[in-house]
Protein chains: 2
Amino acid sequence: MSVRILIVDDHPLVLEGLKSLLADVDEVKVVGTATNAIDAIAFLKSNEVDIAFLDINLPDISGIDLCKKVKDQFPEVKTLALSTFNERAYVSRMIQNGASGYLIKSSGKEDILEAITQVQAGGYFMNVQFDQVTPAAAPKTVPFLTRREKEVLVLIAEGLTNPQIAEQLFISVTTVNSHRQNLLIKFEVSNTASLIKLAAGLGLI
Amino acid sequence: MSVRILIVDDHPLVLEGLKSLLADVDEVKVVGTATNAIDAIAFLKSNEVDIAFLDINLPDISGIDLCKKVKDQFPEVKTLALSTFNERAYVSRMIQNGASGYLIKSSGKEDILEAITQVQAGGYFMNVQFDQVTPAAAPKTVPFLTRREKEVLVLIAEGLTNPQIAEQLFISVTTVNSHRQNLLIKFEVSNTASLIKLAAGLGLI
DNA sequence: GGATCAATCCTATAAAAGCATGATTTTTGA
DNA sequence: TCAAAAATCATGCTTTTATAGGATTGATCC
């Protein structure tokens, strides 16, 4: 029996690319695709899937959160993270959330098949080389940010001041300030400059 | 006659995806693919191509530089930049280097065909929505910075305050502040957050 | 030698951000 | 359903930035 694959990625190119690459492989069958988390979950409810390829960046929720949801609701489904980047922080968070592996999108056909084989056999696969010389400044992991904190972070990066952010989000300035202080604490920095530099380096803004 | 396409991208998935998406379109023919700039140039030397899709991120040289080379050596070839991101800075640099358009990889089939049609007709295509509410920010090019301004910029990004920078550089706080204000003016921003975000985006820090 | 520009310094004010501390309500997950 | 976490708001104070308006010294380039 062939391995049943679900691909979740909002890039049509990637969907098509994977399908195309896997089309002529007998042992593998792409049984479904989804471009967002909602559709992915819905598909899993009514279909049997062995391995789900999850893009890290999805329109509704992050692949990291989706991974957690999938493992919670469908523990028998194995998950494989897909990303354009070599992001050490993402890798560890996906693994923490139960992923069986991590595949960068620049992987070749061999890598992809190898990953499927490994994961299907219950093992792990990871072809990430951490080539970028990660400077000492970067924290080990991306701090966990709440929804509101992410929103505030983005607005700070856009150059809005606390009063402007407060107006935008319909909350008080002191609340904005609270979120801001929490961001500083979570990133372990002491001012906006370092915060934005780190966040930018992690691709958060 | 169909439009002859060359795709240059180091992601096999994207190559396959584009080929697959364009396979059943009569007006378009993917005549070649390359995963690096050298191969791309070599291919152009011995083949006729109407439009070259260029990935922004290539292993050897950047798509931006490749775009320039292609336009220099093969002015009749139209180029279309491909990127995962909505990066305003990249867009303008590609256009400056002669690109006829810019396509984000999350584009659907319709967008891609529309781009090909537009570009082949001699027009421009750009499906980048600068969805982030980027107010007046983002200068077209990297502003010219003096030696001292660069030093100060780096120290700001490291999280030092004006007094700390002054101490580090053996100058007065007011001087540091002057440089800082000049940085804000040159980057056309109004606070540190935007400054660092832009500088990070341009690879300055 | 005059113009330009970088780099240096100054005063002064207003605005924003950082820091501490604490509290209430809502949401969420086990 | 109960506890934890998130989101909300507040007060008071200090430090840092932002803005405006200069001024002086060198170096560099025609």
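Here is the naming used below: chain letters follow the sequence lines, and residue numbers restart at 1 for every chain.
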**Report entry** Whole-Å gap separating P (C:dA14) and CG (B:N177)
**Finding:** 17 Å

Report task. Using a heavy-atom cut-off of under 4.0 Å over every strand shown, decide if A:T175 touches base, sugar-phosphate, or nothing. Result -> base

Query raised in the report: Heavy atoms under 4.0 Å, any strand shown: does B:T174 hit a base, just sugar-phosphate, or nothing?
Result: base

Query raised in the report: Which part of the nucleic acid does B:S172 contact within heavy-atom distance under 4.0 Å: base, sugar-phosphate only, or nothing?
Result: sugar-phosphate

Requested in this report: Using atom CD1 of B:I196 as one end and atom P of C:dA17 as the other, report the distance to the nearest whole Å.
Outcome: 14 Å

Report task. Could you check how far CG of B:L183 sits from P of D:dA18, rounded to whole Å? Result -> 10 Å

Query raised in the report: Rounding to a whole Å, what distance do you find between A:L184:CG and C:dA20:P?
Result: 11 Å

Query raised in the report: Whole Å only: how far is the CZ atom of A:R148 from the C1' atom of C:dT26?
Result: 13 Å

Requested in this report: Evaluate the side-chain proximity of A:V31 to A:F43: yes if any heavy-atom separation is below 4.5 Å, no if none is.
Outcome: yes

Query raised in the report: Under 4.0 Å between a side-chain N/O of B:N162 and OP1 or OP2 of D:dT17, yes or no?
Result: yes

**Report entry** Interatomic distance, B:Q181 CD vs C:dA14 C1' [rounded to whole Å]
**Finding:** 13 Å

Report task. Consider the side chain of B:H179, meaning its heavy atoms from C-beta on, and name the nucleotide among C:dC19, D:dT8, C:dA7 that approaches it most closely. Result -> C:dA7

Query raised in the report: Over how many whole Å does the gap from A:R180 atom CZ to D:dT8 atom C1' extend?
Result: 18 Å

Query raised in the report: In terms of the nearest nucleotide of DNA chain C, which residue is placed more toward the 5' end: A:T192 or B:E149?
Result: B:E149

Query raised in the report: Within the distance-only criterion (no hydrogens, no angle test), does the side chain of A:N162 pair as donor or acceptor with the backbone N or O of A:V173 below 3.5 angstrom?
Result: no

Query raised in the report: When the distance from CG of B:N182 to C1' of D:dA18 is rounded to whole Å, what number comes out?
Result: 13 Å

Query - Donor-acceptor pair under 3.5 Å, A:S178 side chain vs D:dC9 base - result: yes

**Report entry** B:V25 vs B:L113 side-chain heavy atoms within contact, under 4.5 Å
**Finding:** yes

Query - Check: A:Q164 side chain, A:T161 main-chain N or O, donor-acceptor pair, under 3.5 Å - result: yes

Query raised in the report: B:T161 side chain N/O closer than 4.0 Å to the phosphate oxygens (OP1, OP2) of D:dT17?
Result: no

**Report entry** Proximal nucleotide (of D:dT19, C:dA6, D:dT16) relative to the B:F144 side chain
**Finding:** C:dA6

Query raised in the report: Would you call B:K78 and B:D50 a side-chain contact if the rule is heavy atoms closer than 4.5 Å?
Result: no

Query - First encountered from the 5' end of DNA chain D, between A:L169 and B:N191 - result: A:L169

